[in-house]
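One-based numbering, in listed order, for ligands and for the atoms of each.
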Amino acid sequence: MIRKILPIVMVCAAFVGCKQTPKPVATSYERVAPKFSVDSAFSYVAKQCDFGPRVMNTAAHDSCGAWIAKKFESFGGKVTLQTANLKLYDGTPIRSTNIVASFNVDNPQRIIISSHWDSRPWADQDDDEEKQKTPIDGANDGASGVGILLELARLMQLQAPNIGVDLICWDAEDCGTPAWEENREGSDQTWCLGSQYWAQHHHVDGYQARYGILLDMVGGPKTVFKKELFSERNAPRLVDKVWGFAQSLGYDQFFKFEDGGYVTDDHLAVMQSGIPCIDIIGSDLNGGGFCHTWHTMQDNLQNIDKNTLEAVGVTVAEVIWNEK
Ligand code: AHN
Ligand code: ZN
């Protein structure tokens with residue numbers, strides 16, 4: 001009797017203990033990367049949010065940038081700050097700083113893993129009209145990707161990968177023309193200002209890389225990653241490689257083999273530099289668009305899902321440490 005009941009009890013217990021997102025199933029894939037700690041990555045997301053919104057031309061932005069640079073250095077990265085005077089959609093001058101942390105600097109074979117670090121000055125997608133001019137925490141939109149980059153940097157010290165790695169935090173990505181603005185002429189060009197600048201002025205002369213991976217909104221709730229179409233068009237084999245690693249790791253409930261539409265994002269600047277680049281960008285699990293917290297006051301630390309953060313962090317770590 002007990003032999004019949006016990007498995008049923010175990011199955012029930014497994015369901016009771018199961019939160020919204022199921023854990024990856026055990027696979028036969030053998031990991032080569034050092035252990036990615038999602039708690040560590042999450043703590044870096046929290047720390048960025050603690051500074052307050054990282055809005056261009058604010059003290060919170062500048063202090064957070066200095067903290068990110070110092071953290072990379074503490075993990076043995078060689079940090080290059082690329083500062084530029086740029087202009088917002090309405091002509092407002094901004095001071096933009098791309099933060100580049102280089103590992104294995106002598107290796108001419110390199111890859112780029114990147115994310116933006118600024119946060120949107122306006123919650124222009126918020127349902128509450130009174131809040132639409134308030135800056136957002138950007139826990140998902142900004143801090144999540146940088147949290148993963150910082151955790152990857154921590155791992156570099158534990159076990160150096162075979163390839164050179166440049167972790168790049170783009171600035172001035174998220175101050176594109178607000179939704180309330182009626183004149184939308186050329187508005188596509190008002191996003192990704194830091195990466196556009198980098199495409200014109202690489203942080204080192206004659207810079208080359210094998211490929212790039214951009215992380216955008218990689219810690220959201222109810223998030224899936226579809227194949228973004230500029231990425232699919234520019235670097236289909238890289239998309240397949242990354243999605244393939246995710247599948248081997250058991251993350252197929254996050255990484256979907258579906259078309260995700262075209263997104264204007266920092267990967268376009270890397271592509272323009274002749275470097276194949278893809279965007280791992282979160283979409284809403286149920287809807288057609290981005291995560292439901294996108295550009296709203298709800299994009300805060302309470303709405304970070306560690307399962308999403310872990311799926312992306314572990315997958316990207318495997319990609320890096322598998323490079324020959
Ligand atoms: C546009 O909305 C044109 N592009 C999305 C890029 C973005 C904004 N990623 C995060 N925030
Ligand atoms: Zn955004």
Q: Check each atom of ligand 1 against the heavy atoms of D216 and keep those under 4.0 Å away; list them by number with element.
A: 7 (C), 9 (N), 10 (C)

Q. Between H295 and ligand 1, which part of the residue brings a heavy atom under 4.0 Å of the ligand: side chain, backbone, both or neither?
A. side chain

Q | Those atoms of ligand 1 less than 4.0 Å from some heavy atom in M217 | A | 9 (N), 10 (C)

Q | P161 vs M156 side-chain heavy atoms within contact, under 4.5 Å | A | yes

Q. Salt bridge check: are R95 and D62 linked by an N-O gap of less than 4.0 Å?
A. no

**Q.** Metal proximity, E173 vs the Zn ion (ligand 2), N/O/S cut-off 2.8 Å
**A.** no

Q. Can we say E323 and R210 salt-bridge, meaning some charged N sits less than 4.0 Å from an Asp/Glu carboxylate O?
A. yes

Q) Closer than 4.0 angstrom: is that true for some heavy atom of E173 and an atom of ligand 1? A) yes

Q.
Of all the N, O or S atoms in D141, which has the shortest distance to the Zn ion (ligand 2)?
A. OD2

Q: Would you check the N or O atoms of D141, main chain and side chain alike, for any that come under 3.5 Å of an N or O of ligand 1?
A: yes

Q: Output yes when the distance from some N or O of ligand 1 to some N or O of D188 is under 3.5 Å, and no in every other case.
A: no

Q: Write out the residue and atom name of the closest protein heavy atom to atom 8 (C) of ligand 1, then the distance separating them to 0.1 Å.
A: D174 OD1, 3.2 Å

Q. Got a salt bridge between R110 and D166, using NZ or NE/NH1/NH2 to carboxylate O under 4.0 Å?
A. yes

Q. side-chain contact (heavy atoms from CB on, under 4.5 Å) with W170: which of D216, L214, D265?
A. L214

Q: Output the list of atoms in ligand 1 that are nearer than 4.0 Å to some heavy atom of W294, sorted by atom number.
A: 2 (O), 11 (N)

Q. Are any of the side-chain heavy atoms of F245 and Y251 separated by less than 4.5 Å?
A. no

Q. Among I113, V146, I112, I111, which residue meets the side-chain contact (heavy atoms from CB on, under 4.5 Å) test with L167?
A. I113

Q: State whether R154 and E151 are salt-bridged, where the test is any N-O pair (Lys NZ or Arg NE/NH1/NH2 against Asp/Glu carboxylate O) under 4.0 Å.
A: yes

Q) Any N/O/S atom, backbone or side chain, of D174 lying under 2.8 Å from the Zn ion (ligand 2)? A) yes

Q: State whether H295 contributes an N/O/S atom found under 2.8 Å from the Zn ion (ligand 2).
A: yes

(Q) Against the six-membered ring of W122, is K131 placed for a cation-pi contact (under 6.0 Å from the centre, within 45° of the normal)? (A) no

Q.
Starting from atom 3 (C) of ligand 1, what is the nearest protein heavy atom, named by residue and atom, and what distance separates them?
A. W191 NE1, 3.5 Å

Q: Name the closest protein heavy atom to atom 5 (C) of ligand 1, giving the residue it belongs to and the distance to 0.1 Å.
A: T264 O, 3.5 Å

